[in-house]
2 protein chains.
Amino acid sequence: MVAGDTAKRNLTKVRILDATEQLVAEQGFDSVSLRDITNGAGVNVAAVNYHFGSKEKLYEAVQCRYINPVNEERLELLEKVLAEGGGVREILEAFMRPFLTMVTRSKMSEQLFFKLMGRCIMDHNASLSEEMIPLFRQMSGAYTKALASAFPEMPVDLLLWRLHFSFGVMANTLLHGDVLIKFTDGACGEPDFETNVQRMVDFCYAGFVAEGGDPR
Amino acid sequence: MVAGDTAKRNLTKVRILDATEQLVAEQGFDSVSLRDITNGAGVNVAAVNYHFGSKEKLYEAVQCRYINPVNEERLELLEKVLAEGGGVREILEAFMRPFLTMVTRSKMSEQLFFKLMGRCIMDHNASLSEEMIPLFRQMSGAYTKALASAFPEMPVDLLLWRLHFSFGVMANTLLHGDVLIKFTDGACGEPDFETNVQRMVDFCYAGFVAEGGDPR
DNA sequence: GTCTATAAAGAGATAGAC
DNA sequence: GTCTATCTCTTTATAGAC
């Protein structure tokens, strides 16, 4: 195999991934057919099964493409925050900011990219990919531990639910931020995600330190 | 038409609704076929189209069956809270508690019922039914107004986003509460929804009164 | 590695008998 | 109001030519 073959193979593969993430962001995992995808990518219908094995595996590739780097960056940022003696606010920011870093790696608009991310973390019908579970467990374990250190007197179950609540705040903003904008006829403004990260961190930080908590 | 006919027609219709909500709660709107439904209900395949017109309209009926009463009860509770001079905490509780009232009207287990509710408010692929939009707008308008009175100095856009965050907390708990339980191997406990409502109210109340807010 | 052609299964919907 | 039988369309996947 020569370099040109690899380049061409990767081109087709990447075209499929790009088309899939665009269509999935717009319509959801369950509403997109292989023909939609191959038409969008300008490749033959058989190409998906040749390059990915099945539609399901293509979907796993789409999910892992960004979610795994997001979880890696979450781990890196958390380490940095803890090394610098950061508190709960910084921990929560480390949890939410990586989506903002990752958007620059995609060809999609910010709005569509966040929609895709929301679908990846919320549409558990379309197979929560096995390939992302270990990293996800590691990441959530590290954050749980960090928050448990910050709130030594908070019962673990309460802490886990508050982390889950924070996850819900973020996921709903990613997935349905556009719905709020349409539903309020723009009265909520059209904040960029940087603004939303700050607002979400403020909101969840206050929720974490609420009665029962023991903030550092 | 005699009473018996009506009873029998309603029986079939209700059997279809019951089977559909059970299957949708378990598998999601996009993963259930008409044959799954009619098998589950013990009725003929043609019955769905006879009684509901189409699969889509059946889904709208399933969504409206509980979501409309939930939104009505939210409005009633809010009126009562405001009449009694309740504050932000009580307003948030009025927003979240109706799911707990409604679960008793269903044949499903609590866990499955909340899963169904989560799907109804989060799966916007499967058609956000036109029939529930007016009530939904009225309800969210009333809550926005009540919260705006409680936080007269908070910019409206921030207030709307904090309400959206609260919605995310609740929706994620309804839809993915079971995921947290499995994912943490039970370390989060298995709290009943009453406990979760209190925790969500605590969390969101603190989020609302965080810096920038002006609590009553 | 890419194409055409097609297989095989399953979907939603409905005509017409009862 | 309910049933059987069937229509029509779409889906994923693949065999085999190039």
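Order of the sequence lines sets the chain letters (A, B, ...), proteins ahead of strands, with each chain counted from 1.
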- Message: What is the separation between atom NE2 on B:His51 and atom P on D:dC3, rounded to the nearest whole Å?
- Response: 9 Å
Validation: residues 34-45 of chain B side-chain donor-acceptor distances under 3.5 Å, sequence neighbours left out:
from    : atom 1 : to      : atom 2 : distance (Å)
B:Asp36 : OD2    : B:Ser33 : N      : 3.0
B:Asp36 : OD2    : B:Ser33 : OG     : 3.2
B:Thr38 : OG1    : B:Leu34 : O      : 3.0
B:Thr38 : OG1    : B:Arg35 : O      : 3.3
B:Asn39 : ND2    : B:Arg35 : O      : 3.3
B:Asn44 : OD1    : B:Ala46 : N      : 2.9

Please tabulate, for the side chains in residues 197-204 of chain A, all donor-acceptor contacts under 3.5 angstrom to protein atoms that are two or more places apart in sequence or on a different chain.
from     : atom 1 : to       : atom 2 : distance (Å)
A:Arg199 : NH2    : B:Asp157 : OD2    : 3.2
A:Asp202 : OD1    : A:Arg89  : NH1    : 2.7

- Does B:Ser33 have a side-chain nitrogen or oxygen under 4.0 Å from the phosphate oxygens OP1 or OP2 of C:dG10? no
- Side chain of B:Tyr50 - closest among C:dT2, D:dG1, D:dA13: D:dG1
- Return the residues of residues 38-46 of chain A meeting this criterion: a heavy atom under 4.0 Å from some atom of DNA chain C. Order them by number, or give none. A:Asn44, A:Ala46
Result block: side-chain N/O donor-acceptor pairs under 3.5 angstrom for residues 90-101 of chain A, not counting sequence neighbours:
from     : atom 1 : to       : atom 2 : distance (Å)
A:Glu90  : OE1    : A:Gly87  : N      : 2.8
A:Glu93  : OE2    : A:Arg97  : NE     : 3.1
A:Glu93  : OE2    : A:Arg97  : NH2    : 2.6
A:Arg97  : NH1    : A:Glu194 : OE1    : 2.9
A:Arg97  : NH2    : A:Glu194 : OE2    : 3.0
A:Thr101 : OG1    : A:Glu73  : OE2    : 2.8

- Message: Measuring to OP1 and OP2 of C:dT2, would you say a side-chain N or O of A:Thr12 lies under 4.0 angstrom away?
- Response: yes
- Query: Considering only heavy atoms and no angle criterion, is a donor-acceptor pair shorter than 3.5 Å present between the side chain of B:Arg35 and the base of C:dG12?
  - Reply: yes
- Roughly, in whole Å, what's the span from CZ in A:Phe52 to C1' in C:dG1? 14 Å
- Message: If the condition is side chain to side chain donor-acceptor pair (under 3.5 Å), which residues does A:Thr195 pass it with, not counting sequence neighbours?
- Response: A:Asp192
- Message: Less than 4.0 angstrom from a charged side-chain N to a carboxylate O is my criterion; do B:Asp18 and B:Lys13 meet it?
- Response: no
- Message: Restricting to side-chain contact (heavy atoms from CB on, under 4.5 Å), what partner residues turn up for B:Phe183, sequence neighbours left out?
- Response: A:Phe136, A:Arg137, A:Ser140
